[in-house]
Amino acid sequence: MSRNNPINPTRLSTNTAMEESPIITPLNEEQRKAVTTPPGPVLVLAGAGSGKTRALVHRIAWLIQEHGTAPWSIIAMTFTNKSAREMQNRIEELLIAPTRGLWIGTFHALGLRMLRQNWQAAGLPEQFEVIDNADQLRQIKKSMEELKLDEKSFPPKQILWRINACKDDGHRAHNLPGELSKDEIFSLVYQNYQKRCQQLGLVDFGELLLRTYELLKNNQIVREHYQNKFEHVLIDEFQDTNHIQFQCALLLSSSHQNIFAVGDDDQSIYGWRGARVENMLGFNRTFPSASTFRLEQNYRSSGYILQAANAIISKNSGRLGKRLWTNQADGEPIQIYRSYSETEEAQFVVSIIRSSVASGSAHNEHAILYRSNAQSRAFEEQLIAQGIPYSVYGGMRFFERAEIKNALAYLKLAVNRDSDPSFDRVVNMPPRGIGKQTMDSVRLTAARHNTSLWEASLLAVDDPETSSRSRESLKRFRAIIERIASLSKDRPLDALVETSLHESGLIDHYSKDRGETAISRIENLKELVTAAESYTSEHSQEGPSQREDELNLFLNHTALEPGPRGTEEAHDSVQLMSLHSAKGLEFNTVFLCGMEDGLFPHQLSISEGNLEEERRLCYVGITRAMQKLYLCHASSRTVFGKPMRCMPSRFLAELPENLFPDARQSSFQRQNPEMNPGSGDATMTDIFGNALELGCTVHHGKFGEGTVINAEGTGASARVQINFPEVGQKWLVLNYARLKRI
DNA sequence: ACGGCTGGTTTGTGG
DNA sequence: AACCAGCCGT
C-alpha cells in the first residue's frame, strides 16, 4: 500500500505548480484525475492494488492543502479500525501538520460519536452502553425467557442473526417487510428485545448504525448541523456499505453532494452482513452528474499472481468489468501444495516461512490466510513449537474475554450505578454468596419499584425480610463499587484500573486457581492495565480532560476497538488472519490455506448458493500477495473432533495451468505437488516405492516423523529435505535414509 | 451456594 | 476438541 508508485508523473503533467506538490506528484494519471476532480459526486472504481487508499488519502490531503478545505469539514468513513488508523497516519505524513478536527473512522465509531453528542435527540439515556454480540445474545435469551419461548424450537443465535439483518436494512420490529412480518414469534422477540435495550440503555452494533440514520433523518436541527459542518463526505470500501450506511452518507451530503466514494465491486465480501453492491453499481443513477474514474493498473502483484486473480474473478457474472494489468514481470510461479492433514499443512507452511526468514525475509512479510478463524489453531501450534513470532488477528477479541468484561463491568458500575447488565455480571463474581435466591428477590424488587438493580439492592439491604447473609453480601458488593467510584475522581486511569482489579477481588479470585487458563486470565487483566496506560498516553494530546471523562472515554474505546494494539504491528511477526480481515492489506508472501470444498468455499455458502461472494473472497486472498503465493489444501481435516476427507477447492480448478510452469500434470487433482521442478522425470519414492511429495509426512528411524519440504537430484544422488518438528530440517539421501511414507 | 461432572451441541466471515 | 446447560453432591 505504501510502496512508491513506479510511474514518473512529471512527464505526464502539464501543470508546473502541481509538479511540485507531494500530494499530486506520486500519482499516476488516472489517480491524479480522481484526486483533483472538482468537488461533487465522484466514484472511483479501483481494482485490487491499484492505489485505492492512496487515492482517498491524497484526495483528503488535496482538499485540505490545494482546495483550502478545513480539516474539520471533512468526514471519512472506513470499514475497519485498522484502515482508519492507516489513513489517518498517511494523511498526517503527507501534510506534515497534524490534522485537527478531521473526522475519520469506521461507520460504527462515527455513528457512536454522533449519538454521544446527541443522545437526547437520539432518544437514548446519557449513559447508554454499546454491547457486543455476546451481550446481545444474552439479552435476546432473556427476552425469550420472558416471553416463555423455548430455545430449542427458536434458536437464539438465529434470532440474533435476523434482528441484525433487519437493522442493516433499516427495519424496526413494527415495520417488518413482507414475509418477516408474518413471523409473529420473531417480531415479538425483536420488539421485546428492543424494549429491553431501550430500558437498559443498550445499543448493539446494528443499532449504532440504525440510530444514527434515524437521528439524521428525523431531526432536522441535527441533520443540518452536520450537513453544514461537513463539506465533504468520503467513503472507503464503498462496495461493502449496507443500506443504512449509504443512507447516512447521502443524508450528510445531500445539501452539497460532495461525496467521494472509492470501491471495487470484485471485492464485495460482506453481503452476509447486509452490504449492497448496488449502492456502487447504481451510483451514477443516484447521482447523474457523478464523475467516474477507473484505476486498473496494479502496482502490487507479480504477473502470475495477477493472472491467477483475473482468472478466478472472470468466472463471476454481473461485474462492472475491470481488467487489472501490470508492468511487472511474471515473477515466481504460484505453488499448490497438498498435505495429508491440517497439522501437516501447518508444518509445511511454517517450514517454508522458516527457510524464507533464514534467507533474509522478515517474519511480517508472510501472511497465513484462511477462511475461518478456527483454522489458526494448527498454525499457532506449529509456530509456537518452532519458536517463530506470530500475531493472530480476529477471533476472540481482547475486550470480549470474560475476565476483561468482568473488570470492565466494575468500572462501568462506578461510572453508572444503573448499568444492570454490569450488575448482573459481577454481583457474584468473584463468588461472594449472592446466588439465585438473593438475585431473584432483588430483581423482583427492581421490577416492583421500576428501578435499577443497584437501587433495588439498596432496598434489599434495608429490608428486614432479606436474610442477613444476603444483606451482608450485598452491602459488601455495594461498598466495593462505591470505593472504586471514589477512586475514579482523583486517580489516573491506569492506576484506577489496577486498583479496581484488586478491590473487586478478581485478581485474588483468579490467583487461587493455578491452572493454565487462570494464569492467562491474570495476564490478560494485567494487559488491561497496560491498555489503559497506553490509551491515556495516546489520547492525552487531545486536550485536557477530567479524570471521570477519561474513564468514560476509555470504556467507549473498549466497545469498538479490537484490543491493545501496537504490539502486533510494531513487532516483527508472521501475520495470521481470515481472508476477510486481510482485505486492504498486502504481503510479500501469502499462504492461502484450507483450499478445500466445504471449507473454502464454505459449505454454508455452497448451500446458500452464494458462490460468487466466496469467489470474490478468493480473489481478495490472491491479490494480497506481492511476490509469492502458495495455495494449500489438505486431503483430510478434523471437523468436530472427527477426521473428514476433503476434496480440493473448486477454485483451484479455475486456475489456468500455464500459471504453474513447474507442474507437469495439468489437473491439480492428480498433480501432487511435484518433487523436483524442472529436472527430469525421476519420481522419488520411499523404501516401499510409495511416491514422496512435497508436504507429505515420512518416518525416519532416528529423527522420527517429519514433513518433506524440498527435493533435488535423481538416481543415487536424489535427496529430500525434511522438516522434523523435534530436530529441525535435514537433507537426507534417499538411498541411505530408509524413509517410510506415513 | 457452588463447583464439578456429563452429555449434547457446535464453528462463517466483523464492527 | 471445546463449550454449554443442567444435574448432583458437598
Side-chain angles (χ1 to χ4, degrees), chain A residues 77-84 105-112 130-134 136-138 141 151-152 155-157 161 164 167-168 203-210 212 237 240-242 244-245 268-275 342 369-378 381 393-397 399-400 402 428-440 467 469-470 473 509 512-513 515 517 557-563 577-583 594 598-608 610 613-614 616-618 620-621 637-643:
Chain A
M77 303 155 176
T78 69
F79 247 75
T80 63
N81 292 305
K82 218 172 180 176
S83 56
T106 62
F107 278 96
H108 293 84
L110 296 168
L112 177 58
V130 179
I131 58 172
D132 65 19
N133 255 323
Q136 189 185 8
L137 190 64
R138 202 165 299 135
K141 283 180 180 172
E151 289 197 9
K152 291 260 156 35
K157 275 232 173 97
W161 187 255
N164 289 345
K167 291 190 176 184
D168 285 340
V203 174
D204 61 52
F205 288 133
E207 186 74 16
L208 216 44
L209 300 177
L210 183 48
T212 305
E237 306 284 8
D240 285 329
T241 51
N242 66 29
I244 285 303
Q245 289 167 323
S268 159
I269 54 176
Y270 284 99
W272 53 274
R273 61 180 236 210
E342 69 267 31
L369 307 182
Y370 35 75
R371 175 61 230 266
S372 63
N373 285 311
Q375 287 169 254
S376 71
R377 182 185 266 297
E381 281 168 4
Y393 295 84
M396 174 63 90
R397 290 164 176 239
F399 292 122
E400 284 171 4
N428 200 31
M429 185 66 214
R432 49 171 74 82
I434 303 173
K436 195 174 179 308
Q437 297 267 298
T438 312
M439 274 312 287
D440 278 351
S467 78
R469 209 191 127 98
S470 300
S473 297
H509 172 71
K512 267 186 260 163
D513 191 340
T517 46
H557 163 87
T558 63
L560 294 178
E561 290 282 334
M577 67 192 81
S578 69
L579 287 160
H580 283 88
S581 18
K583 193 174 65 165
L599 186 60
F600 187 34
H602 197 277
Q603 188 52 50
L604 293 173
S605 299
I606 297 174
S607 27
E608 281 164 13
N610 207 0
E613 185 157 308
E614 294 282 307
R616 289 191 292 269
L617 196 53
C618 185
V620 168
R637 188 172 289 273
T638 311
V639 182
F640 299 144
K642 287 265 160 287

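Below, all heavy atoms of this structure are taken into account, side chains as well, without hydrogens, waters or symmetry copies. Throughout, a chain's letter reflects where its sequence line sits, starting with A, and its residues are numbered from 1. Everything numeric here is computed off the predicted structure, so don't read it as measured data.
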Measure from [atom1] on [X] to [atom2] on [N] and round the result to the nearest Å.
| X | N | atom1 | atom2 | value |
| --- | --- | --- | --- | --- |
| A:M396 | B:dT13 | CE | P | 13 Å |
| A:I434 | B:dA1 | CD1 | P | 10 Å |
| A:M439 | B:dC2 | CE | P | 13 Å |
| A:E561 | B:dG14 | CD | P | 16 Å |
| A:F399 | B:dG14 | CZ | C1' | 17 Å |
| A:Y370 | B:dT13 | OH | C1' | 12 Å |
| A:R273 | B:dG14 | CZ | C1' | 5 Å |

Scan [X] against the nucleic acid and name what it touches under 4.0 Å (heavy atoms): base, sugar-phosphate only, or nothing.
| X | result |
| --- | --- |
| A:N133 | base |
| A:K436 | sugar-phosphate |
| A:R432 | sugar-phosphate |
| A:F107 | nothing |
| A:Q437 | sugar-phosphate |
| A:T638 | nothing |

Write down the protein N/O and nucleotide N/O pairs, taken from nucleotides 7-12 of chain B, whose separation is under 3.5 Å; answer none if there are no such pairs.
unit_1	atom_1	unit_2	atom_2	d
B:dT11	OP1	A:K157	NZ	3.2
B:dT11	OP2	A:K157	NZ	3.1
B:dG12	O4'	A:H602	NE2	3.4
B:dG12	O6	A:E608	OE2	2.6
B:dG12	N2	A:S605	OG	2.2
B:dG12	N2	A:E614	OE2	3.3
B:dG12	N3	A:R371	NH2	3.2

Requested in this report: Among the candidates B:dG3, B:dA1, B:dG14, find the nucleotide nearest to the side-chain atoms of A:S578.
Outcome: B:dG14
Query raised in the report: Taking only side-chain nitrogens and oxygens of A:N81, does any of them come within less than 4.0 Å of OP1 or OP2 of B:dG14?
Result: no
Query raised in the report: Is A:Q603 atom CD crowded by more than 12 heavy atoms from other residues, nucleotides or ligands, each under 6.0 Å away?
Result: yes
**Report entry** Nucleotide interval of DNA chain C bounded by contacts with chain A (heavy-atom cut-off, under 4.0 Å)
**Finding:** C:dA1 to C:dA5
Query raised in the report: Should the pair A:K82 and A:Y393 be classed as cation-pi, given the thresholds of under 6.0 Å to the six-membered ring centre and 45° from the axis?
Result: yes
Does some side-chain heavy atom of [Y] sit less than 4.5 Å from a side-chain heavy atom of [X]?
| X | Y | result |
| --- | --- | --- |
| A:I244 | A:D168 | no |
| A:F205 | A:V130 | yes |
| A:P431 | A:H509 | yes |
| A:Q245 | A:F79 | yes |

Query raised in the report: Do A:H602 and A:W272 make the cut of ring centroids closer than 6.0 angstrom?
Result: no
Query - Under 3.5 Å donor-acceptor, A:N164 side chain and A:G206 backbone - result: no
Query - Side-chain (A:T80) to main-chain (A:S83) donor-acceptor, under 3.5 angstrom - result: yes
**Report entry** A:T438 or A:H580, whichever maps to the more 5' nucleotide of DNA chain B
**Finding:** A:T438
Requested in this report: Could you tell me whether A:R371 and A:E614 have a side-chain N and a carboxylate O separated by less than 4.0 Å?
Outcome: yes
